[in-house]
Peer 1: 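Just dropping this structure here.
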Amino acid sequence: MEYSKYGRRKRHWNNKRGNEEVSKNIETKSVNKNNHGKQETTLPMEVQLMMQKNQEAIKELKHRQTLCALCGEPIVELSAALADKKTDAPVHFDCVMAEIKKTESLKENEKISYIGQGRFAVVHFPNPHDTKNFTIVRVIEWEQRDKVYDWRQELAGLYSQVH
């Protein structure tokens, strides 16, 4: 390290330190990061047991094979499933879209879109190339709004807890 006659470190023309100083700084930063990473906090035993129990329940839920009530195929992503109108069992989103397309008659420049909360809509686009401008022609209620589905409540209960 070079020092000026005033006792300050010399800098280069671009106000940066030399490569050897930068590499030393990087090494000390990584050591500091490791020191911070070693800081551990211990949770009460009851919280640890509850977290372990939840992890096991999540594993079991992921390995459980849930079949679609409409097509009979396994549902891989249960969080993206909707409830069947008749049985309340989980069904594929794509199966619901196919069912709605069978029953709805679409006019020119109309399309079926998911609008959230278990609802779909027939949407009209005045200009099919501009998908920003549209009007909702009719809403299709697929899931009942106030109904709580057991399979979804189990899923939410495992993933939505804050410890």
Side-chain angles (χ1 to χ4, degrees), residues 16 22 25-26 28-163:
K16 292 186 179 175
V22 172
N25 195 19
I26 290 172
T28 57
K29 280 185 181 177
S30 63
V31 169
N32 290 341
K33 283 182 184 177
N34 287 340
N35 288 342
H36 291 299
K38 289 181 182 177
Q39 205 172 21
E40 294 182 18
T41 58
T42 55
L43 296 172
M45 185 56 97
E46 60 195 33
V47 173
Q48 289 179 9
L49 290 173
M50 187 172 52
M51 288 173 66
Q52 183 179 2
K53 187 177 175 183
N54 282 351
Q55 290 297 328
E56 290 169 6
I58 289 170
K59 273 185 185 177
E60 189 273 324
L61 183 70
K62 284 184 176 182
H63 291 296
R64 188 185 316 160
Q65 191 173 32
T66 306
L67 300 178
C68 175
L70 295 176
C71 72
E73 295 292 318
I75 297 175
V76 177
E77 192 59 47
L78 195 59
S79 61
L82 293 170
D84 184 39
K85 279 187 164 191
K86 298 170 190 154
T87 64
D88 295 341
V91 292
H92 290 114
F93 179 86
D94 294 336
C95 292
V96 173
M97 282 290 283
E99 285 291 313
I100 292 174
K101 284 180 182 177
K102 286 179 193 174
T103 59
E104 292 294 322
S105 58
L106 299 177
K107 297 177 182 170
E108 189 176 346
N109 296 342
E110 287 185 347
K111 185 177 163 182
I112 296 172
S113 295
Y114 183 70
I115 57 173
Q117 297 177 343
R119 298 179 304 159
F120 292 82
V122 175
V123 180
H124 175 75
F125 296 97
N127 178 1
H129 301 293
D130 180 18
T131 56
K132 292 180 184 176
N133 297 320
F134 61 89
T135 55
I136 294 177
V137 178
R138 62 188 165 276
V139 175
I140 303 161
E141 297 279 343
W142 184 262
E143 291 182 341
Q144 296 175 14
R145 279 190 179 212
D146 298 332
K147 186 157 186 163
V148 178
Y149 300 99
D150 294 336
W151 58 271
R152 191 174 285 149
Q153 190 172 11
E154 178 187 12
L155 186 70
L158 291 173
Y159 282 100
S160 300
Q161 293 180 1
V162 178
H163 299 283

Peer 1: State, to 0.1 Å, how close Thr66 and Pro90 come at their nearest heavy-atom pair, and which atoms those are.
Peer 2: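 That closest heavy-atom pairing would be CG2-CG, 3.5 Å.
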Peer 1: Could you tell me which residues satisfy salt bridge (charged side-chain N to carboxylate O under 4.0 Å, His left out) with Lys147, sequence neighbours excluded, listed by chain and number?
Peer 2: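 Partners of Lys147 under the salt bridge (charged side-chain N to carboxylate O under 4.0 Å, His left out) test: Asp88.
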Peer 1: Side-chain atoms of residues 106-123: list all donor-acceptor pairs with protein atoms under 3.5 Å, sequence neighbours left out, distances to 0.1 Å.
Peer 2:
| from | atom 1 | to | atom 2 | distance (Å) |
| --- | --- | --- | --- | --- |
| Glu110 | OE1 | Lys107 | N | 2.9 |
| Tyr114 | OH | Gln117 | N | 3.4 |
| Tyr114 | OH | Gly118 | N | 2.9 |

Peer 1: If I take atom CG from residue Asp84 and atom CD from residue Glu143, how far apart are they, to the nearest 0.5 angstrom?
Peer 2: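 Reported to 0.5 Å precision, the distance equals 10.0 Å.
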Peer 1: Just jot down the side chain to side chain contact (heavy atoms under 4.5 Å, CB included) partners of Ser105, sequence neighbours excluded, or say none.
Peer 2: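 Testing Ser105 for side chain to side chain contact (heavy atoms under 4.5 Å, CB included), a comparison that skips the adjacent residues, returns none.
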Peer 1: Tell me the closest heavy-atom pair linking Tyr149 and Gln144, and the distance in Å.
Peer 2: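 Residues Tyr149 and Gln144, closest heavy atoms: OH-N, 3.3 Å.
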Peer 1: Would you list the atom pairs, donor with acceptor, under 3.5 Å between side chains in residues 124-137 and any protein atom, with sequence neighbours excluded?
Peer 2:
| from | atom 1 | to | atom 2 | distance (Å) |
| --- | --- | --- | --- | --- |
| Asn127 | OD1 | His129 | N | 3.1 |
| Asp130 | OD1 | Lys132 | N | 3.3 |
| Asp130 | OD2 | Asn133 | ND2 | 2.6 |

Peer 1: Which residues pass the side chain to side chain contact (heavy atoms under 4.5 Å, CB included) test with Thr103, not counting sequence neighbours?
Peer 2: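 Thr103 satisfies side chain to side chain contact (heavy atoms under 4.5 Å, CB included) with no residue once adjacent residues are dropped.
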Peer 1: Quick one: do Met97 and Trp142 satisfy side-chain contact (heavy atoms from CB on, under 4.5 Å)? Show the steps, please.
Peer 2: CA-CA 10 Å; Met97 282 290 283; Trp142 184 262; over 6 Å; no
Peer 1: Taking the side chain as every heavy atom from C-beta outward, state whether Gln52 and Leu49 have any pair of such atoms under 4.5 Å apart.
Peer 2: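 In contact.
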Peer 1: Once you round to the nearest 0.5 Å, how far does CD1 of Ile75 lie from CZ of Phe93?
Peer 2: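 Answer for the CD1-CZ pair, Ile75 versus Phe93, is 13.0 Å.
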Peer 1: Return the set of residues passing side-chain hydrogen bond (donor to acceptor under 3.5 Å, both in side chains) with Glu104 (not counting sequence neighbours), or none when no residue passes.
Peer 2: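 By the side-chain hydrogen bond (donor to acceptor under 3.5 Å, both in side chains) rule, Glu104 matches Arg138.
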Peer 1: Any side-chain to backbone donor/acceptor pair from His92 onto Ala80? Under 3.5 Å, distance only.
Peer 2: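 No; judged by distance alone, with no hydrogens or angles, the pair does not exist.
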